[in-house]
Structure formats: structure tokens, C-alpha cells
Amino acid sequence: MEKFTKLRAVAAPLPMVNVDTDKIIPKQFLKTIKRTGLSKGLFYDLRFDEAGRPKAGFVLDQPAYREARILIAGANFGCGSSREHAPWALLDFGIRCVIAPSFADIFYNNCFKNGILPIALPPAQVDLLMDDAERGSNAVVSVDLESQTITGPDGGELRFEIDPFRKNCLLNGLDDIALTLEKQAAIDGFEDSQRASQPWLYA
Amino acid sequence: MSQPKTLFDKIWATHLVNVQDDGTCLIYIDRHLVHEVTSPQAFEGLRVAGRGLRRPDATLAVADHNVPTSDRSKGIDDDESRIQVETLAKNCADFGVPFFAMEDIRQGIVHIIGPEQGFTLPGMTIVCGDSHTSTHGAFGALAFGIGTSEVEHVLATQTLIQNPAKNMRISVDGERPLGTTAKDLILAIIAKIGTAGGTGHVIEYVGEAIRALTMEGRMTVCNMSIEAGARAGLIAPDEATFAYLAGRPLVPKAGQWEQAVTYWRSLPSDEGARYDKEVILPASEVEPQVSWGTSPEDVIPVSGRVPDPSDAPNDDKRKAMERSLDYMDLSAGTPIAEVSVDKVFIGSCTNGRIEDLREVAAVAKGRHVADKVYAMIVPGSGLVKHQAEEEGLDRIFTEAGFDWREPGCSMCLAMNADRLEPGERCASTSNRNFEGRQGRGGRTHLMSPAMAAAAAVAGHISDVRELV
Ligand code: SF4
């Protein structure tokens, strides 16, 4: 997983609430057995018409936002299906940070496994960033994970909260599985005692 | 005496493997269900890292999302779908995971086959790379959906890194009126608390109307906990739970069964246990429900009218409503029971069990699907299909003009060939009415199986209470 430390990039506004993962990447793109190349399906139904022709106007297709690395969105972002294809598609497009008033749990979790930083902020602060983002390519936003701050294009600074464990994993690009395998002895011990008390759980 | 605990607290506490100084928990996972869409990258990850599978005996795999629901003797037409299903079969063979192939009578939707096989048991932690894993909470198991990276983590370590959820209690008091089903209760709950109402929480459903539900009904309620934003849903195990499980293939064997039941009886929440959030819903107020928009919280009683965006509580909501009405091609004030449908879909992990099919048969018997309506019934598993046929339900369906199909996810998400065409309107027993969910441009109205059957025979959304 790629580390996340600091990011200075254009922020794209997506002022919609309840953006579900079906919308982020529709089902026809889930038939892949790979993690890469999914940006072609990102927000597909918002970007392309029924015949697969590009529709004008979707924010990420506007020249000002082609290089966006940050997405500012409405509440309950990423609700619905657990598909990790949603963060994979965002990442494949280049999005490394999503800022919204709230996130659905599974999506939020999935972001951290892929080096994407999801930031939940109070709605009024998201509104400010949304206004900034509307200004296009001049709206460069900086996110600093170490100091947990966001700096807007006009220099205003916002603080955000993040779980310390997840922060550490992102900052160092740590692999969860390797970390857990270090606790092998504890897992073995758990299984021994569970097997004694609930033997029916073991074939 | 120790602090009174909720059912969730008890399951959580008995599955902690390790707690770090920063509070991050490592929890043990008792059972892992796997399907073809969210697992290929996880198995690939294991291969790349040279890791094995910790507990194949605690893992069960099935293909459900991509399988055809028509004649299967010729295999799967679509190349990508076929590759995904074949990849699952190969991964299961390579890693020693028990797998129900498409030809196996036990094949079906992952959340239907877990309980059906007795793979799902009270007090367990259960995960699957699928959000509707919440279904298994009906047995008093902590069951939740995970992403593919976590699937890989469970395959390799049989554990997950998690933070504890908060406790939420939803009490559905009193008696359910005639014509109101488990589906109507959960739709009414989501309408009340919203699709983010349960975020960060595990919802425990309590109350007389919940106790009175069969296991099938309880699964329907827990299934849609995810649509209420919750991590999981839970219903305390009781005699109905034990009776459902007794004799199923994977339950504790004689000798251990009594020991297990004794343990399961200790699971229900203690008197005085504390909840972070509480909601009360009187069952007597719940009519049959129908969704009108493109979010599962956009739900009204069948006697209601399509709401007006100008009544929205805020700007965001108003914009979302306008967008929904535009997509659904509905105008504010229209009685929902006048809206005509083109297709009817009965099935999914929400409503693809035997009891759901019996409800449909009760409405369909002696009636006929309206002209111009295409109505399909997709059983949740091969065993559900078999039982329905034993009971003669299939004859009722086919005589009434319903299409009786092979088991799978089908038009719940339209990954296989079953889908809505642009502009088509569907009465559906599934769980999501998102834009394009059942096919690009398709319009979904969520409702109970009985209501979907009523819509099929009437040709428009209609009140099932007028038929039974
Ligand atoms: S039936 Fe629908 S909701 Fe259930 S697992 Fe299949 S696709 Fe998901």
C-alpha cells in the first residue's frame, strides 16, 4: 500500500448526499478479477450515456478537475454495497482523499486498506471546502496527515480527527496482514481456549 | 455483580484476541462466507504473498451473483461472469475451501445457504465480502460485511482489526397488523431513522412484533440493517432459533448440541444493559410499505402519496428528492397505488426464502399476472426451490403466469442476464432501489413479497390487504 503523508492537489466538488457504491462503480465493472484499471467505470452512469458516449459536464471530466486528487462530497458517502471496487476505482483515477460530513462504515474502512484518506468534517466546514472546490483548478487544497490539518486555497486551516492506529498504518504504508501475523501466538491461544469451551465450532 | 451487557457486548468480549494500547481490537472470526465477486483479488493477494488459508473448515464458498437463473446445462454465456465463477472454483480447490458448485442443490445466495446449512449459529462472529452479511444476525450472531482486503485478512489470519461498534436498540412493540410483514417493519424502520440512522452502531431488534416473527422474517429484518447504515443487526436467540437450527447439516452434533444450546441461552442482553441509541416503533402503525425514490429511506405506506420536495427539511434533501422523482418519473402527490409496473422481481437474500414464496403463492393462487407485466420468481437456493416444488408452489406460480427460475442473486443487482431495460418500472422484493441497481435506467419499488405479488396481478402497485 502506498503511504499517505501530505497531499497538495486540486479538490473536485461532488455536492450529492448518499452517493452509493453502485454509483461510484456500477456492477458491470465488478466482473473483473483484478484490482486495477477500474477508473474506466468510475461514476460511469454520471459520465456516460446509454450508448457509452461521454456526457458533458461531469465534474471529474472538466479540464479544471482532471488532475483532482481530492473529492469533496455530501453526507453518507459510500453507502450500499461493500465492494472494494469503489475505492479501487477512485484510486485508479488518482483520488487519494475524500472529504465529506459522514461516510458509510464499510467504505470508510476500505479506504484505509488502499492508501486513501477519508476525512469526516462537520457539515459547515465541508460546505466551505465545497465552495472553495467550485473555483476549479485554482482551488488547491493541502492535506497533512501527520498534523491532521487541511489548508484551504486561502490559507484557512481546519483540523480533522482520525483513529491513531489507522493514521499510523497510512503514514507508514503498513500491511495489516503482516501486522496481524506477528500476533500468531495470541491467535493460537485464543483458538485453544475457544476449542475447549465451544468445541462445536471446530470440525 | 458485573455491569449488565448487551448481546453485542457479549459476543464482542468473547472474540477479543488482542487489544492494543490505542484501543484497536483484533477479533476472532468464527465463520467466513465467500462469493465470486469480492474474493478473487483476496485469493490473488494470498498467492502473491505466499500465504495459506488459516481455517478452511470455517470457510464456505458459493457462486451466486453471476450465475444464470435460466437453464444452466449450457454453462454461463457471458465470458467475464464465467471467468469469475471459474476463478472461485479454482481458488477453492487450490486452498481447500468447501464450495457449492452451480449444479449442487445446496447452491444459492450466500446469505440464504449459511443459515440453511446450519453454518450460521448463535454467538458467532461471521463475515463475508458482502454488505448483507447482516442477515445472519437473525440468529444472534455478530455478522457483518467486509471489503476484499479484509476478506484476505480473514483468509490468512481468521481475525479482523476492528473498533467496537455502539449499541442501538430498536423496539417494535405490539402486534403486527394483518397484511404487514417483516419487510414492511424494516422498511418502516429505515424510513424513520434514515439510511445513516444506524451508522457506527449494531442494531438489536427487540419487542413483541420481532419475537413473533419466524426465523425467515427475522432474517429479512436483519438483512436490511445495512440499508439503515448499521454495521450489523441482531436478534437474540430463542426457542424459534433453536427449532430452526435443529437437524441442519452443520450444527453441533449430538452430545455437543445440548452444551451449545445452554451456551446460546446465556447470550440475550442482560436486564438494564445500556444502549447508545434507542428507537421505538409501534407495530400497529405499520401498513404495507413501498419505496418511491432511489434511496431505501424513500418509503411510504401503500395508502400514501409521492411526497413533495418543497416539504423537504433542508436543501440537500430537497435536491436529492427532486433528482429521485426525476429518475423515477413520478410527480409529487401521485397516489403510489396508482403507479403501474412493467416487471416484478421476487427473490434476493431479503425475500428469497420458503416463507416468502408461500406468501406469494397465497396471493397468486387462482389469479393471473396482468397483461404486459413480466413477473419472475427466483428462489434463494436450490433447497428452497426444491421445497417449494415439494409443496406444489411452483404449479401455483406457473399457472398464474409467473416465471419460475433457478436460484441466485439475479435481478437484485442485475450482474447476470436478468435486468431492467431503461425506463422499466419494477415491483421488487430486493433491498436496494439505487439508480441503475436493477439495470441502467430501471426504476425499482421495494416492497414485501405479498405486495409484489399483488402488483403482478393488478399490473400496478396495489394494497395487498384488498386481496387477502
Ligand atoms: S441477493 Fe442482492 S443483496 Fe443479496 S447478496 Fe445477492 S446481490 Fe447482494
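Lettering of chains follows the sequences in order, A, B, ..., and the numbering in each one begins at 1. Computed over heavy atoms, backbone and side chain alike; hydrogens, waters and symmetry mates excluded. Small disclaimer: the values here were computed from a predicted structure and weren't measured.
Among the candidates B:A320, B:A260, B:P40, B:G145, the residue making the largest number of heavy-atom pairs closer than 4.5 Å to chain A is B:A260. If you tally non-hydrogen atom pairs under 4.5 Å between each of B:L160, B:I146, B:V151 and chain A, the highest count goes to B:I146. Among A:K23, A:E50, A:M16, A:Q28, the residue making the largest number of heavy-atom pairs under 4.5 Å with chain B is A:E50. Comparing A:I33, A:D176, A:V17 by how many heavy-atom pairs each has under 4.5 Å with chain B, the most go to A:I33. Of all the listed residues (A:I106, A:L181, A:T180), the one sharing the greatest number of non-hydrogen pairs under 4.5 Å with chain B is A:T180. Ranked by heavy-atom pairs shorter than 4.5 Å toward chain A, the options B:N431, B:T157, B:T133 are led by B:T157. Between chain A and the residues B:R55, B:K317, B:R231, B:E44, the largest count of heavy-atom pairs under 4.5 Å involves B:R55. For the options A:D163, A:N110, A:L201, heavy-atom pairs under 4.5 Å to chain B are most numerous at A:L201. Contact tally against chain A (heavy-atom pairs below 4.5 Å) for B:Q158, B:E297, B:R323: the top residue is B:R323. Chosen from A:P199, A:P164, A:C79, the residue pairing most often with chain B at heavy-atom distances under 4.5 Å is A:P199. Between chain A and the options B:D78, B:L250, B:V251, the largest number of non-hydrogen pairs under 4.5 Å is found for B:D78.
The two residues B:L16 and A:F190 come nearest to each other via the heavy atoms O-CD1, 3.7 Å. The two atoms that bring B:S295 and A:N18 nearest to each other are OG-ND2, 4.3 Å, heavy atoms only. Nearest approach of B:R51 to A:I177, heavy atoms of both residues: NH1-CG2, 3.3 Å. Residues A:D105 and B:G200 share a closest heavy-atom pair of OD2-N, 3.0 Å. Shortest non-hydrogen contact noted between B:R432 and A:G80 is NH2-C, 3.0 Å. Residue A:S81 comes nearest to B:S131 through the heavy atom pair CA-OG, 3.7 Å, listed as atom of the first residue, atom of the second, then distance.
Side chain of B:Q84 to backbone of A:L30: a donor-acceptor contact under 3.5 angstrom is found. In this structure, A:R35 contributes its side chain and B:Q41 its backbone to a donor-acceptor pair below 3.5 Å. A donor-acceptor contact shorter than 3.5 Å links the side chain of A:K31 to the backbone of B:M415.
Looking at A:D188, the atoms closer than 4.5 Å to chain B (heavy atoms on both sides) sit in the backbone and in the side chain alike. The part of B:Q162 that comes within reach of chain A is its side chain, from C-beta onward, which places non-hydrogen atoms under 4.5 angstrom from that chain. Interface residue A:A178: backbone and side-chain heavy atoms are both found under 4.5 Å from chain B. Neither the backbone nor the side chain of B:H65 comes within less than 4.5 Å of any heavy atom in chain A. Using a 4.5 Å cut-off between heavy atoms, B:A414 contacts chain A through both its backbone and its side chain. When heavy atoms are compared at a cutoff of 4.5 Å, A:N168 does not approach chain B at all. Residue B:E36: no heavy atom, backbone or side chain, is found under 4.5 Å from chain A. For B:T14, the part lying near chain A is the backbone, with the side chain staying farther off; criterion is any non-hydrogen pair under 4.5 Å. Contact annotation for A:S197: only backbone heavy atoms (N, CA, C, O) come within less than 4.5 Å of a heavy atom of chain B. When heavy atoms are compared at a cutoff of 4.5 Å, A:Y202 approaches chain B by way of both its backbone and its side chain. Of the atoms belonging to B:S81, heavy atoms from both backbone and side chain fall under 4.5 Å from chain A.
Heavy atoms from other residues, nucleotides or ligands lying under 6.0 Å from NZ of A:K55 number more than 12. Within 6.0 Å of CG in B:D21 there are 12 or fewer heavy atoms belonging to other residues, nucleotides or ligands. Other residues, nucleotides and ligands contribute only 12 or fewer heavy atoms inside 6.0 Å of the NZ atom of B:K166. At most 12 heavy atoms of other shown residues, nucleotides or ligands fall within 6.0 angstrom of atom NZ in A:K34.
Side chain to side chain, B:D30 and A:Q194 meet the donor-acceptor criterion of an N or O pair below 3.5 Å. In summary, the side chains of B:T38 and A:E84 do not present any donor paired with an acceptor at a separation below 3.5 Å, with no hydrogens or angles considered.
Summarising the geometry, atom CZ belonging to A:R83 is positioned 6.5 Å from atom CG belonging to B:L413; distances are rounded to the nearest 0.5 Å. Expressed to the nearest 0.5 Å, how far CD of B:E150 lies from CG of A:N109 amounts to 4.5 Å. Here A:Y44 contributes atom OH and B:R440 contributes atom CZ; the two are 6.5 Å apart, rounded to the nearest 0.5 Å. Interatomic distance, A:Q184 CD to B:T159 OG1, rounded to the nearest 0.5 Å: 9.5 Å. Interatomic distance, CZ of B:F434 versus CG of A:D22, reported as 6.0 Å (0.5 Å rounding). Here CG of A:L179 is found 6.0 Å from CD1 of B:I161. Values are rounded to the nearest 0.5 Å.
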- Run the numbers on B:R54 and A:E191 for salt bridge (charged side-chain N to carboxylate O under 4.0 Å, His left out), then give the verdict. CA-CA 11 Å; B:R54 186 172 176 98; A:E191 283 181 351; 3.1 Å; yes
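B:W264 and A:W200 have perpendicular rings, their planes meeting at more than 60° on a 0 to 90° scale where under 30° would count as parallel.
Between A:K27 and B:E80 there is no salt bridge, since no side-chain N of the basic residue sits under 4.0 Å from a carboxylate O of the acidic one.
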